[in-house]
Amino acid sequence: QVQLVESGGGLVQAGGSLRLSCAASGRTFNTYSMGWFRQAPGKEREFVGAISRSGGSTYYADSVKGRFTISRDNAKNMVDLQMNSLKPEDTAVYYCAAGRIYGARENDYTYWGQGTQVTVSS
């Protein structure tokens, strides 16, 4: 139904910036809220942030608020996660997800990308 592909992960020094992109297939991208999640080894997957269907609303986990920004371009079927002032604790696999619910829970989202690794060195 919906396929999501993340890109832009890599290795970055603490204090640096990285932009992740998520490209979506299909004709219904603008009917989905989009979320970003991350998972570090040995830890549960955690919510990073979400953006509403129109892109008019966003919210973020406290751990990334003020540093990360989500945006979307519905004409291009794409959502981005701009990450600034990166910290070693941001190291994780980052996933984008699409769902009918604008929420912070994993089960609010139906479709998931494959993930992209972000590593922040100290």
Side-chain angles (χ1 to χ4, degrees):
Q1 181 71 19
V2 177
Q3 294 178 346
L4 305 172
V5 180
E6 302 96 334
S7 62
L11 176 65
V12 64
Q13 289 185 309
S17 297
L18 203 62
R19 177 179 290 158
L20 306 183
S21 294
C22 177
S25 67
R27 299 169 55 248
T28 59
F29 179 68
N30 65 356
T31 71
Y32 290 95
S33 297
M34 298 294 297
W36 284 95
F37 292 76
R38 66 187 183 185
Q39 187 169 27
K43 300 182 67 176
E44 293 185 351
R45 190 171 298 185
E46 66 174 343
F47 173 74
V48 174
I51 188 166
S52 62
R53 290 174 293 174
S54 68
S57 297
T58 58
Y59 68 99
Y60 304 91
D62 288 342
S63 59
V64 307
K65 193 183 302 292
R67 300 187 298 121
F68 290 11
T69 303
I70 299 172
S71 60
R72 70 189 295 165
D73 186 341
N74 287 346
K76 296 181 178 179
N77 278 20
M78 187 166 293
V79 60
D80 288 350
L81 178 66
Q82 177 66 46
M83 305 184 294
N84 298 326
S85 301
L86 283 161
K87 306 174 181 179
E89 52 262 45
D90 295 318
T91 295
V93 177
Y94 283 71
Y95 299 88
C96 66
R100 300 296 189 183
I101 301 173
Y102 179 44
R105 299 175 177 86
E106 289 185 59
N107 63 6
D108 292 331
Y109 298 89
T110 302
Y111 303 101
W112 293 80
Q114 82 288 348
T116 186
Q117 177 72 47
V118 172
T119 303
V120 184
S121 62
S122 60

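Only this structure's heavy atoms are used, side chains among them; waters, hydrogens and symmetry mates stay out.
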Engineer: On a heavy-atom basis, which atom in I70 and which in T58 lie closest, and how many Å separate them?
Structural biologist: O-CG2, 3.8 Å

Engineer: Is it true that atom CZ of R105 has more than 12 heavy atoms of other residues, nucleotides or ligands lying nearer than 6.0 Å?
Structural biologist: no

Engineer: Answer whether the closest heavy-atom distance between the side chains of T31 and R100 falls below 4.5 Å.
Structural biologist: yes

Engineer: Please check this pair: side chain of E6 against backbone of C96, looking for a donor-acceptor N/O pair closer than 3.5 Å.
Structural biologist: yes

Engineer: In Å, rounded to the nearest 0.5 Å, how long is the span from CG of N74 to OG of S54?
Structural biologist: 8.0 Å

Engineer: Please examine the side chains of T110 and Q1, heavy atoms only from C-beta on, and report whether any two atoms are closer than 4.5 Å.
Structural biologist: no

Engineer: So which atom in D73 and which in F29 form the shortest heavy-atom distance, rounded to 0.1 Å?
Structural biologist: O-CE2, 4.1 Å

Engineer: If you look at every heavy atom in S33 and S52, which pair is closest and at what distance?
Structural biologist: OG-CA, 4.1 Å

Engineer: Assess, by modelled atom type and distance only, whether the side chains of N84 and Q82 contain a donor and an acceptor separated by less than 3.5 Å.
Structural biologist: yes

Engineer: Verify the ring-centre separation between Y59 and F47: is it less than 6.0 angstrom?
Structural biologist: yes

Engineer: Might you point out which heavy atoms bring A14 and P88 nearest each other, and give the distance in Å?
Structural biologist: CB-CD, 4.1 Å

Engineer: May I ask you to check whether over 12 heavy atoms, not counting those of Q39, lie within 6.0 Å of atom CD?
Structural biologist: yes

Engineer: Do R27 and N77 come close enough that some side-chain heavy atom pair is under 4.5 Å?
Structural biologist: no

Engineer: Can you hop from L81 to V93 via hydrophobic side chains spaced under 4.5 Å?
Structural biologist: no

Engineer: Please tell me if the side chains of E106 and F37 come closer than 4.5 Å, counting only heavy atoms from C-beta onward.
Structural biologist: yes

Engineer: I need the M78 CE to S21 OG distance, nearest 0.5 Å.
Structural biologist: 5.5 Å

Engineer: Tell me whether Q13 at atom CD has more than 12 heavy atoms from other residues, nucleotides or ligands lying less than 6.0 Å away.
Structural biologist: no

Engineer: Closest heavy-atom contact between V48 and F68?
Structural biologist: CG1-CD2, 3.7 Å

Engineer: Answer yes or no: is there a side-chain heavy-atom contact under 4.5 Å between I51 and W36?
Structural biologist: no

Engineer: For K65, does the NZ atom sit with more than 12 other heavy atoms under 6.0 Å from it, leaving out its own atoms?
Structural biologist: yes

Engineer: Which residue, K87, E89, R38, forms the side-chain contact (heavy atoms from CB on, under 4.5 Å) with S63?
Structural biologist: R38

Engineer: Could you check if a side-chain atom of V118 sits within less than 4.5 angstrom of a side-chain atom of M83, using non-hydrogen atoms only?
Structural biologist: yes

Engineer: Y111 vs Y32 aromatic rings, parallel, tilted or perpendicular, using cut-offs 30° and 60°?
Structural biologist: perpendicular

Engineer: Taking the six-membered ring for Trp, are W112 and Y95 parallel (under 30°), tilted (30 to 60°) or perpendicular (over 60°)?
Structural biologist: perpendicular

Engineer: Compare every heavy atom of S17 with every heavy atom of S85, then report the nearest pair and how far apart it is.
Structural biologist: N-OG, 4.3 Å

Engineer: Quick check for you: to the nearest 0.5 Å, what is the distance between L18 atom CG and Y94 atom OH?
Structural biologist: 9.0 Å

Engineer: Please say whether more than 12 non-hydrogen atoms of neighbouring residues, nucleotides or ligands are located less than 6.0 Å from CZ in R45.
Structural biologist: yes

Engineer: Does the side chain of Y102 reach to within under 4.5 Å of the side chain of R53, using non-hydrogen atoms?
Structural biologist: no

